[in-house]
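Every number for a ligand or one of its atoms is a count from 1 in the order of the listing. Keep in mind that what you see is a predicted model, and the values were worked out from it rather than measured.
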Amino acid sequence: MTRTTNPSFSNRRSQIAGLSVAELAQEFGTPTFVYDAARIAQRVADLKAFDTVRYAQKACSTLAILDVIRRNGAVVDAVSAGEIRRALAVGYQPEGAPPPIVYTADIFDREALELCVERQIHVNCGSPDMIDQFGTRALGREITLRINPGFGHGHSQKTNTGGDQSKHGIWHEELADCLRRADRYGLKVTGLHMHIGSGTDLEHLAQVCGAMEQTALSVGPSVTNISTGGGLPIPYQADQSYVDLEAYYALWNATRKRLQEKFHHAIHLEIEPGRYLVAESGYLIAEVRAVKHQADNLFYLLDAGFNNLARPILYGSYHPMAVTLAEEGRSVVERDVIVGGPLCESGDIFTQEEGGFVAKRCLPEARVGDFVVIECAGAYGFVMGSNYNSKPLAAEVLIEDGQAHLIRRRQSFDDLVRNESIPNRQ
Ligand code: LLP
């Protein structure tokens, strides 16, 4: 499971998982997210040293993707009633050991509370109120506590989920109070969970082990399950590398072993990644619809925008990009270009840095009708899409065993307005 090498990205691409990009675009239209099932399988397998791989489905919760995850032996995390229902819809059982579905959140909305109580879904409480709300409805059940250890780190301040600026988790100093609350309802704290941020690094992830050990010792031997949370980064650029998974596992395994010795029983070790499992499997294919100069700047304007992939505008995230010529064989030079989308908003630029500063990317010269493939778009891509500017949500396609399957058809205009009504009109 050592994945420490840097990836190599090319700014030309003709295929995805062995299938022609131009043919995929022709068959399914653009913009379309295409996922490579084999890549997801490989990433789940990378983590097999951990007792349980729990997929944080918020990264990409499309049913067919969840089904790939399920077939590869991983279980799931859910952050909403909708995500619980998605997990049930693909065949995860509500109950089991380890629980196939865990609801992890900082609140229960009324629907989620009802589902967790009625369907026996294991809950991971991120606030003292959750303990009370669950406890009054589900006396005596087992629960997990999500602890905010007082520090955190993410690829952006917006993805840092630890420390006192974060709304996430039970503040570590509130632990004793929360244990008393749990006790009041006979809830048994069997699990502990810490997730300090998304897209962090080994140095920060490693600090969590010590905090987990301390917390588990404070809770005592009722603890049988510890979760590292997610946060594993992936390389979006050639100078970035994978986290040394063996070193990461070794740290957690040592923590688990020390706890086992203290508690004299087995401790189950979970990891809960989202990005790591699906980011690299996903590609957003868009068509170039305009190529224009603004003074010295050359823009490629695509039919995909931040309504399809919001990470650049939200975090200044970098995604690798490649050009696919509509007809191979044309000889092309490379240009420094700015790549943007169709939306009526200046921030609709894929090549931007944090703070909204426009950056340039060296890409092959493209014409209208060529394609730009935005890569590493499987995590927090489709799921963060919107209908801004009345754009339909993109189509999604899964490539498995050399076959392309439409797993979500593009929204139609009827889909867009389905729930709307005009007063006093039939
Ligand atoms: N567990 C919990 C409790 C989480 O809140 C998250 C992510 C994960 C696991 C999975 O984290 P991952 O392994 O994917 O880093 N939209 C942002 C990322 C937000 C992450 C939210 N929570 C982005 O596009 O970078």
Side-chain angles (χ1 to χ4, degrees), residues 33 40 43-44 46-47 50 52-61 65 69 74-80 83 101-107 112 122-127 130 144-149 152-163 166-170 191-202 204-205 208 212 226-236 240 242-243 245 248 270-282 284 306 308-319 350 352 354 374-386:
F33 281 89
I40 299 175
R43 290 295 173 264
V44 176
D46 290 346
L47 299 174
F50 291 85
T52 294
V53 178
R54 184 173 300 283
Y55 173 51
Q57 67 169 290
K58 73 200 82 182
C60 183
S61 54
I65 300 297
I69 293 280
V75 292
V76 283
D77 162 70
V79 299
S80 63
E83 286 194 354
I101 307 170
V102 170
Y103 176 77
T104 295
D106 299 290
I107 66 148
H122 186 86
V123 302
N124 178 8
C125 299
S127 62
M130 281 182 73
T144 293
L145 298 183
R146 174 181 179 177
I147 305 298
N148 176 334
H153 181 254
H155 67 76
S156 149
Q157 187 47 31
K158 293 173 191 149
T159 66
N160 176 344
T161 55
S166 167
K167 65 174 180 164
H168 294 292
I170 289 170
L192 286 175
H193 171 279
M194 288 182 186
H195 171 79
I196 60 159
S198 188
T200 179
D201 54 35
L202 188 55
H204 289 89
L205 286 169
V208 182
M212 177 62 86
I226 56 175
S227 171
T228 68
L232 290 179
I234 62 119
Y236 287 94
Q240 298 173 340
Y242 294 94
V243 155
L245 291 175
Y248 186 49
E270 288 197 9
I271 187 165
E272 190 181 73
R275 185 187 315 274
Y276 184 80
L277 299 183
V278 294
E280 295 160 294
S281 77
L284 173 58
F306 72 70
N308 302 114
L309 180 69
R311 302 192 70 254
I313 193 174
L314 282 177
Y315 321 111
S317 298
Y318 181 103
H319 282 264
F350 288 116
Q352 65 178 290
E354 195 153 11
I374 305 182
E375 308 192 355
C376 297
Y380 308 108
F382 182 89
V383 278
M384 293 176 78
S386 75

For ligand 1, run through the N/O pairs with the protein that fall under 3.5 Å and put one pair on each line.
residue	atom	partner	partner atom	Å
ligand 1	1 (N)	E272	OE1	2.6
ligand 1	5 (O)	K58	NZ	3.0
ligand 1	13 (O)	G231	N	2.9
ligand 1	13 (O)	G274	N	2.9
ligand 1	14 (O)	G274	N	3.4
ligand 1	14 (O)	R275	N	2.7
ligand 1	14 (O)	Y380	OH	2.6
ligand 1	15 (O)	S198	OG	2.5
ligand 1	15 (O)	G231	N	3.3
ligand 1	16 (N)	Y315	OH	2.8
ligand 1	24 (O)	R311	NE	2.6
ligand 1	25 (O)	H155	NE2	2.7
ligand 1	25 (O)	R275	NH1	3.4
ligand 1	25 (O)	R275	NH2	2.8
ligand 1	25 (O)	R311	NE	3.4
ligand 1	25 (O)	R311	NH2	3.0

statement: One should read off an interatomic distance between T104 OG1 and K58 NZ, to the nearest 0.5 angstrom, of 7.0 Å
Euclidean distance, D106 CG relative to S127 OG, rounded to 0.5 Å: 6.0 Å
- request: Please confirm whether R311 makes a cation-pi placement over Y380, using NZ or CZ under 6.0 Å from the six-membered ring centre and within 45° of the ring normal.
  value: no
N/O donor-acceptor pair under 3.5 Å between T200 side chain and G154 backbone: no
query: Using 30° and 60° as the class limits, which term best fits the ring planes of Y248 and F50: parallel, tilted or perpendicular?
result: tilted
T159 side chain vs S198 backbone, donor-acceptor pair below 3.5 Å: yes
